[in-house]
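Working notes for the structure below.
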Protein chains: 2
Amino acid sequence: MTVETDESFGGVTPDAARRLLLGAVQAFAERGFHATTTRDIAGRAGMSPAALYIHYKTKEELLFHISRVGHERSVAVLEEAVEGAGDSAGRLAAAVRAFVRWHAEHHTTARVVQYELAALGEEHYARIVVLRRRSEEILREVLQEGVATGQFAVEDIRGTTLAVVSLCIDVARWFSPEGRRTPDEIGELYAGLALRMAGYRDGGR
Amino acid sequence: MTVETDESFGGVTPDAARRLLLGAVQAFAERGFHATTTRDIAGRAGMSPAALYIHYKTKEELLFHISRVGHERSVAVLEEAVEGAGDSAGRLAAAVRAFVRWHAEHHTTARVVQYELAALGEEHYARIVVLRRRSEEILREVLQEGVATGQFAVEDIRGTTLAVVSLCIDVARWFSPEGRRTPDEIGELYAGLALRMAGYRDGGR
DNA sequence: GTCTATATCGCGATAGAC
DNA sequence: GTCTATCGCGATATAGAC
């Protein structure tokens, strides 16, 4: 089994803190937050259980760090993609392609980010919710813009946005590197599906 | 707070076993399997912790029962919908409408069904996986049929099926009865989106 | 900063009276 | 079939040596 190295946490120092973060991401993704023991996390980082508490106050704080950095990364990826280029169709396709690719490539982190929210403490949760709103907002604006210019045909913009975001996020649940598709292929497929959902018609396909 | 009564488990007897099942569904959906204590489940059923073990061998067996019945119900709903009626477009719309509605209306059960699979024991997990294949199969056949008759235009049938199933399932993650849409409305919206994903063109909309 | 050892707690599951 | 009481374990987190 290969250990997925995730550059999302590449900048974390000291080294021990980063190793703990990576171990925690893997463990949380495999078993879930509550089923993961601090012994397990510390073990993956090559340390004793006690060493964890030098770098993080609690297990929950470790989860919060993962969740925060993960959300920031995925939103950043989305923002870069839409800024990139072109008309609404190009922007929507780029956004979905990038967002899906992130959820597939970083499915370990993404799983924690998307499915362990309930394990966060109250104030930590509140801070994460703020970040989450952005991704939906970005995609909604692209759809709105496309409808305004007549490139898209969408009756329920809010609902369709929700569906597109939902489609992208769920990739984290089912994606496996052993599966038959690469992150790039899924991104491409989903970009096309999102355009169809938006009522976009290219050359008459 | 109102207790969601879920007819999925209406037939379970004796009464105490059903109350435990319903308590477990709620607790698992709110906190997750591992964060739920047997004391919590028993409390919701109005019993002492020990009474749980008269009706179920372990906490995991309780999860398995929920997962099995839940999967059976959702697949049954899907099967009834596609049998119903019409051409491929009608069948796809009916299937998505019904599947989405089930995940919204029974979002508590659905959340456990879709997101607590990893907590199942090995043989229990294997038995559930068999059930899960059916729902994908049903939707894939509808898409295939529609492509064969020329009503749909889909290049990657497997991938598009996966996306449609994924879209429906993710409803369980975000749906809230306090949200702005009813299960019926979401079902209707998603049925239309699925038709678009399938490349279906009605009257020139 | 990391270790070994351990305090303290609450879990899943069982025993035995009724 | 349900209760009260409890066993045995493993969890998070801390103390104190190095």
Side-chain angles (χ1 to χ4, degrees), chain A residues 9-67 112 116-125, chain B residues 9-67 112 116-125:
Chain A
F9 305 101
V12 177
T13 54
D15 186 66
R18 197 188 63 252
R19 271 165 24 228
L20 285 165
L21 220 44
L22 292 172
V25 168
Q26 289 201 291
F28 292 163
E30 279 173 29
R31 318 191 203 298
F33 176 81
H34 291 290
T36 298
T37 67
T38 52
R39 286 168 172 80
D40 182 5
I41 296 168
R44 288 174 198 249
M47 300 160 73
S48 80
L52 190 152
Y53 294 91
I54 296 152
H55 303 282
Y56 301 95
K57 268 210 296 288
T58 63
K59 189 173 80 159
E60 190 271 346
E61 194 182 271
L62 207 33
L63 173 64
F64 173 62
H65 272 68
I66 293 165
S67 197
V112 179
E116 301 297 331
L117 288 173
L120 288 167
E122 218 169 324
E123 336 86 63
H124 283 165
Y125 179 74
Chain B
F9 304 101
V12 177
T13 55
D15 185 66
R18 197 187 63 253
R19 270 165 24 228
L20 285 165
L21 220 44
L22 292 173
V25 167
Q26 289 200 291
F28 291 163
E30 279 173 30
R31 315 192 204 298
F33 176 81
H34 291 290
T36 298
T37 67
T38 52
R39 285 164 173 80
D40 182 4
I41 296 167
R44 288 175 198 248
M47 300 160 73
S48 80
L52 190 153
Y53 294 91
I54 296 152
H55 302 282
Y56 302 94
K57 269 210 294 287
T58 63
K59 189 174 81 160
E60 190 269 348
E61 194 181 270
L62 208 32
L63 174 64
F64 174 61
H65 272 68
I66 294 165
S67 196
V112 179
E116 300 297 331
L117 288 174
L120 287 167
E122 218 170 322
E123 335 86 62
H124 283 165
Y125 178 75

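Since the structure is predicted, the reported quantities are computational estimates derived from the model, not experimental observations. Quick note on labels: first sequence line is chain A, next is B, and so on, each numbered from 1.
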Whole-Å distance, B:R39 CZ to D:dT6 P, equals 13 Å
Rounded to whole Å, the OH-P distance (B:Y53 to D:dA5) equals 19 Å
### Query
If you look at every strand shown and take non-hydrogen atoms under 4.0 Å, does B:A50 touch a base, only sugar-phosphate, or nothing?
base
A:L52 atom CG is separated from D:dA13 atom P, nearest whole Å, by 9 Å
Tested for side-chain contact (heavy atoms from CB on, under 4.5 Å) against A:F33, the lone hit among A:V112, A:L62, A:L63 is A:L63
Assign the ring pair A:Y56 / A:H65 to parallel, tilted or perpendicular, where the plane angle (0 to 90°) is split at 30° and 60°. perpendicular
Quiz item: Side-chain contact, heavy-atom cut-off 4.5 Å: B:M47 with B:R19?
Solution: yes
A:E30 and A:R44 have their tightest heavy-atom pair at OE1-NH2, 3.2 Å
At a 4.0 Å cut-off to heavy atoms of chain B, the contacted part of DNA chain C spans C:dC11 to C:dA15
* To do: Select base, sugar-phosphate, or nothing to describe what A:T37 touches, counting heavy atoms under 4.0 Å on all strands.
  => sugar-phosphate
Closest non-hydrogen contact found for A:S48 with A:A42 is O-CB, 3.5 Å
Here the distance between atom P of D:dA13 and atom NE2 of A:H55, to the nearest Å, is 16 Å
Here the pair of heavy atoms bringing A:A27 nearest to A:I41 is CB-CG1, 4.5 Å
Here the distance between atom P of D:dA11 and atom NE2 of B:H34, to the nearest Å, is 12 Å
(message) Check the phosphate of D:dT12 against A:T38, side-chain N and O only, distance under 4.0 Å to OP1 or OP2. Yes or no?
(response) yes
